[in-house]
Amino acid sequence: LAKILEKMKSTEEASLERNIALAYHFKEAGRYVEELEYNIEILNYYLNFAHELFPVLGIRGDNMDNQMRISQEEAIRMLKELKEDLDKFKDSENYESIQYLDLKLSYMRGRYLIRGGNYEDGLEEIKYVIKRSIILEENDYEINGYKQMIFYNIQRNNPQEMIKYIDKALELAVKCNYHLEIGMFL
């Protein structure tokens, strides 16, 4: 049933419900890596990282009829549980297939911690994402990690560090032919 649901197109409004159903069906089928993947997507939906550089309180940036939110305690609990679930696979034969999920969750966790004011832990997560994405040659996560470091250094008024990450991001954007990012970093 989960594989059939995966193939079906979903509107933005139905994506949360679809992902919840997929996570449930994969769990019931004993396919825990796929369940973990959809649980990460569900949490990402709830956290909605709009307006990271200059936060705007009360505006989600999506359809205002859909006001789904979770408490800070619930978000922290979910992040912790997902990390624990992911760690269960690190010593297994499935680890190769979940390295992308590790990057995604660490990136999400880093952004959430930074947004909540826990800069030290959040920055460590983002630096981990950058380091792992270089090893795994995941250019999108590497460049997004640099963006997070740039955003942080803009907010902290630290131009030397900001320029360091701009240079790294621009070099990667040129190498990958990411025209939009090239324009942004110039």
Side-chain angles (χ1 to χ4, degrees), residues 1-52 55 57-118 121-122 124-133 135-145 147-148:
L1 186 56
K3 285 296 184 187
I4 293 169
L5 278 172
E6 268 189 323
K7 291 179 183 177
M8 295 172 61
K9 296 274 187 217
S10 178
T11 64
E12 185 66 30
E13 294 82 31
S15 66
L16 177 63
E17 292 82 9
R18 177 179 171 264
N19 287 344
I20 290 170
L22 283 163
Y24 170 80
H25 288 296
F26 278 124
K27 179 180 181 180
E28 292 301 309
R31 303 202 38 190
Y32 301 113
V33 172
E34 289 93 339
E35 175 201 4
L36 181 59
E37 179 180 349
Y38 283 101
N39 282 331
I40 290 171
E41 285 299 321
I42 292 164
L43 181 57
N44 194 45
Y45 176 88
Y46 282 131
L47 295 181
N48 185 19
F49 291 106
H51 307 291
E52 284 182 292
L57 299 176
I59 298 176
R60 281 187 42 98
D62 62 0
N63 182 350
M64 293 305 288
D65 294 334
N66 189 1
Q67 292 288 331
M68 308 247 359
R69 299 183 194 277
I70 59 173
S71 69
Q72 182 176 4
E73 294 80 20
E74 181 70 4
I76 291 169
R77 183 191 64 75
M78 290 175 75
L79 282 165
K80 183 180 181 215
E81 285 178 5
L82 289 171
K83 180 67 173 154
E84 289 170 357
D85 289 346
L86 189 65
D87 287 344
K88 290 176 188 174
F89 293 105
K90 285 197 174 177
D91 294 328
S92 74
E93 67 277 356
N94 290 327
Y95 183 65
E96 188 73 28
S97 65
I98 64 156
Q99 291 186 67
Y100 176 78
L101 293 178
D102 182 41
L103 274 179
K104 187 173 194 165
L105 183 60
S106 295
Y107 181 64
M108 187 187 321
R109 185 172 187 274
R111 293 167 71 196
Y112 182 77
L113 291 169
I114 290 169
R115 182 172 74 178
N118 187 345
D121 291 340
E124 285 305 310
E125 287 287 337
I126 296 300
K127 288 175 183 176
Y128 169 80
V129 168
I130 293 169
K131 188 186 319 181
R132 289 295 297 158
S133 62
I135 292 168
L136 297 172
E137 297 180 358
E138 287 287 344
N139 298 326
D140 291 344
Y141 275 102
E142 182 181 354
I143 210 158
N144 285 330
K147 286 180 189 177
Q148 289 301 310

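One is the number of the first residue; the rest follow in order along the sequence.
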Query raised in the report: How far apart are the C-alpha atoms of Ser71 and Glu74, what are their side-chain angles, what is the distance that settles it, and do they pass the side-chain contact (heavy atoms from CB on, under 4.5 Å) test?
Result: CA-CA 5 Å; Ser71 69; Glu74 181 70 4; 3.3 Å; yes
Query raised in the report: side-chain contact (heavy atoms from CB on, under 4.5 Å) between Gln148 and Arg111: does it pass, once the steps are laid out?
Result: CA-CA 8 Å; Gln148 289 301 310; Arg111 293 167 71 196; 3.7 Å; yes
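- Atom OH of Tyr24 sits in a sparse spot, with 12 or fewer heavy atoms from other residues, nucleotides or ligands closer than 6.0 Å.
- We find the CG-OH distance between Leu79 and Tyr112 to be 7.0 Å, quoted to the nearest 0.5 Å.
- Annotation for Lys131: atom NZ does not count as buried by contact number, only 12 or fewer foreign heavy atoms lying within 6.0 Å.
- Distance CD1/Ile135 to CD/Gln99: 9.0 Å, rounded to 0.5 Å.
- Closest approach of Leu103 and Ser133 over heavy atoms only: CD2-N, 3.9 Å.
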Report task. Go through Asn118 and Asp121 one step at a time and tell me if the side-chain contact (heavy atoms from CB on, under 4.5 Å) criterion holds. Result -> CA-CA 6 Å; Asn118 187 345; Asp121 291 340; 3.1 Å; yes
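- Put simply, OH on Tyr45 and CD1 on Ile70 are 11.5 Å apart, with the number rounded to the nearest 0.5 Å.
- Inter-residue side-chain proximity for Ile76 and Glu73 is flagged as unmet; no heavy-atom pair is nearer than 4.5 Å.
- Between Tyr38 atom OH and Arg31 atom CZ the span is 10.5 Å, to the nearest 0.5 Å.
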Requested in this report: List the steps and the verdict of side-chain contact (heavy atoms from CB on, under 4.5 Å) for Leu101 and Val33.
Outcome: CA-CA 9 Å; Leu101 293 178; Val33 172; 4.2 Å; yes
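- Rounding to the nearest 0.5 angstrom, the gap separating the CG atom in Leu16 from the CG atom in Asn44 is 11.5 Å.
- Across all their heavy atoms, Ala23 and Ile42 have their closest contact at CB-CD1, 4.2 Å.
- Formation of a donor-acceptor pair under 3.5 Å by the Arg115 side chain with backbone atoms of Leu47 is found in this model.
- In this structure, the side chain of Asn144 engages the main chain of Asp140 through a donor-acceptor pair within 3.5 Å.
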Report task. Output, in order, the C-alpha distance, side-chain angles, deciding distance and verdict of salt bridge (charged side-chain N to carboxylate O under 4.0 Å, His left out) for Glu81 and Arg77. Result -> CA-CA 6 Å; Glu81 285 178 5; Arg77 183 191 64 75; 2.6 Å; yes
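- The distance between the ring centers of Tyr32 and Phe26 does not fall below 6.0 angstrom.
- Within 6.0 Å of CD in Glu84 there are more than 12 heavy atoms belonging to other residues, nucleotides or ligands.
- Interatomic distance, Leu86 CG to Asp102 CG, rounded to the nearest 0.5 Å: 5.0 Å.
- Side-chain contact between Glu138 and Tyr100 is present, with at least one heavy-atom pair separated by less than 4.5 Å.
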